[in-house]
Trainee: 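Before we start, here is the structure in question, set down as structure tokens.
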Number of protein chains: 2
Amino acid sequence: MVVDEGTEQEVDRLFHAMADATRRDILQRCTGDGLSVTRLAAAYPMSFAAVHKHVDVLARAGLVRRQRRGREQLVHTEHDGLRQLRQALDDLERTWRARADRMSDLLAEPGHRTPNTDGGQRR
Amino acid sequence: MVVDEGTEQEVDRLFHAMADATRRDILQRCTGDGLSVTRLAAAYPMSFAAVHKHVDVLARAGLVRRQRRGREQLVHTEHDGLRQLRQALDDLERTWRARADRMSDLLAEPGHRTPNTDGGQRR
DNA sequence: TTCATCTACAACCATTTGGTTACACGTTAG
DNA sequence: CTAACGTGTAACCAAATGGTTGTAGATGAA
């Protein structure tokens with residue numbers, strides 16, 4: 001079971017969430033015990049609302065979890081999200097490698113000539 | 001110093017390029033020997049121009065390389081790009097882990113100033 | 001109670017994104 | 001040479017993104 005179809009959108013969200021320096025920084029800051037959104041917002045040259053939106057993007061991607069503490073909302077990065085991301089990368093690379101292997105099988109037959117950097121990175 | 005500042009944008013581009021199912025699929029299809037853009041385009045329910053743009057995004061992120069062959073342009077996925085991405089993830093996780101460790105150290109100390117770290121943020 | 005804080009969200013705006021069609025330019029085939 | 005093909009790009013469009021200000025609801029402190 002490589003990727004289960006419906007997950008494609010999840011992967012989209014994951015990569016998209018990571019494609020912003022501010023959001024990646026948020027992930028780092030919210031490691032361990034969480035940070036309140038206002039504390040977080042104070043760290044960036046943008047409005048509270050903007051940071052709030054960033055946190056929202058991260059949350060929808062499953063990269064952070066929010067936990068209420070009184071009137072504050074603690075944000076902490078969800079370790080599992082990172083793992084999921086890595087998983088997605090692994091999946092990609094595995095499929096890609098498998099494809100490359102099948103490729104060279106085909107190319108192993110005589111009469112074929114590859115002009116490019118023939119994919120021989122195994123062992 | 002792990003931070004390479006200018007690289008932040010590169011990482012942005014990498015993750016952004018990956019945040020689209022079509023582009024991820026292109027990466028898989030162009031493994032091994034390349035595919036011409038028109039061959040590629042035939043595989044998707046969108047115009048040649050659209051696919052051409054996707055390839056462009058991938059190329060600017062360093063995830064594919066183009067090679068001219070006559071009137072065709074062969075696209076093949078750049079293995080190093082994937083490695084770079086994984087590297088970025090590793091860096092993130094490492095920093096994150098380090099931060100978690102320092103966290104407990106800092107919490108032991110009486111007072112600490114907040115390092116602004118407001119850098120690297122453009123849209 | 002009253003006030004300051006923190007959060008949530010709406011309305012708005014500029015830019016980017018992802019798609020379209022159309023067209024011009026090389027290159028290969030007949 | 002001429003025609004077909006593959007590519008590159010421009011002009012355009014709708015929707016999403018990333019930001020803003022403003023406002024309102026909870027919550028905690030005085």
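In what follows, every chain begins at residue 1, and chains take the letters A, B, ... in the order their sequences are listed.
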Trainee: Take the protein atom CG of B:Asp56 and the nucleotide atom P of C:dG18, then report the distance between them rounded to whole Å.
Mentor: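 From B:Asp56 CG to C:dG18 P: 12 Å.
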Trainee: Grab the CD-C1' distance between B:Glu72 and D:dG8 for me, whole Å please.
Mentor: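 My rounded result for the distance is 15 Å.
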Trainee: Give the rounded distance in Å between these two atoms: CZ of A:Phe15 and C1' of C:dT17.
Mentor: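 Distance check: A:Phe15 CZ to C:dT17 C1' gives 19 Å.
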Trainee: Check whether NZ of the Lys or CZ of the Arg B:Arg29 lies under 6.0 Å from the centre of the six-membered ring of B:Tyr44 and within 45 degrees of that ring's axis.
Mentor: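 The answer is yes; both the distance and angle limits are met.
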Trainee: If you find the nucleotide of DNA chain D closest to A:Arg23 and the one closest to B:His52, which residue's nucleotide is nearer the 5' end?
Mentor: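 That would be B:His52.
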Trainee: Roughly how far, to the nearest 0.5 Å, is the CG atom of A:Leu63 from the NE2 atom of A:His79?
Mentor: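 Between atom NE2 of A:His79 and atom CG of A:Leu63 there are 11.5 Å.
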Trainee: Do A:Glu72 and A:Arg69 meet the salt-bridge criterion of a basic N to acidic O distance under 4.0 Å?
Mentor: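 Yes, charged N to carboxylate O under 4.0 Å.
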Trainee: Please report the distance, rounded to the nearest Å, between NE2 in B:His54 and P in D:dG8.
Mentor: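 So the two atoms are 16 Å apart, to the nearest Å.
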Trainee: Which is true for A:Arg66 with a 4.0 Å heavy-atom rule: it touches a base, it touches only sugar-phosphate, or it touches nothing?
Mentor: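 Counting heavy atoms under 4.0 Å across all strands, no contact is made by A:Arg66.
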Trainee: So, is B:Ser47 near the phosphate of C:dG19, with a side-chain N or O under 4.0 Å from OP1 or OP2?
Mentor: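 No, B:Ser47 has no side-chain N/O under 4.0 Å of OP1/OP2 on C:dG19.
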Trainee: Is the closest basic N to carboxylate O distance between B:Arg94 and B:Asp90 below 4.0 Å?
Mentor: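 B:Asp90 and B:Arg94: not salt-bridged.
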Trainee: In whole angstrom, what separates B:Lys53's NZ from D:dC13's C1'?
Mentor: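 Answer to the nearest Å: 10 Å.
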Trainee: In whole angstrom, what separates A:Leu35's CG from C:dC6's P?
Mentor: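 In whole Å, C:dC6 P and A:Leu35 CG are 13 Å from each other.
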Trainee: May I have the distance from B:Asp20 (atom CG) to C:dT17 (atom P), rounded to whole angstrom?
Mentor: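 Rounding to the nearest Å, CG of B:Asp20 and P of C:dT17 are 12 Å apart.
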Trainee: Can you give one letter per nucleotide of nucleotides 22-30 of chain D, going 5' to 3': B for a protein heavy atom under 4.0 Å from the base, S for sugar-phosphate only, - for none?
Mentor: -----BS--
Trainee: Check every atom of C:dG18, C:dT7, D:dG18 against the side chain of A:Gln73 and return the nucleotide holding the closest atom.
Mentor: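 Closest nucleotide to the A:Gln73 side chain: C:dT7.
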Trainee: Does A:Asp12 pair with B:Arg23 as a salt bridge, N-O distance under 4.0 Å?
Mentor: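 Salt bridge: no.
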Trainee: Whole-Å distance between C:dT17 P and A:Asp12 CG?
Mentor: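 For the pair A:Asp12 CG and C:dT17 P, the rounded distance is 15 Å.
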Trainee: Using a 4.0 Å heavy-atom cut-off, does A:Ser36 contact any base of the nucleic acid, only the sugar-phosphate backbone, or nothing at all?
Mentor: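 A:Ser36: backbone/sugar contact only, no base atoms under 4.0 Å.
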Trainee: Below the 4.0 Å mark, does C:dG18 have OP1 or OP2 next to a side-chain nitrogen or oxygen of B:Thr22?
Mentor: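 Checking B:Thr22 against C:dG18: no side-chain N or O falls below 4.0 Å of OP1 or OP2.
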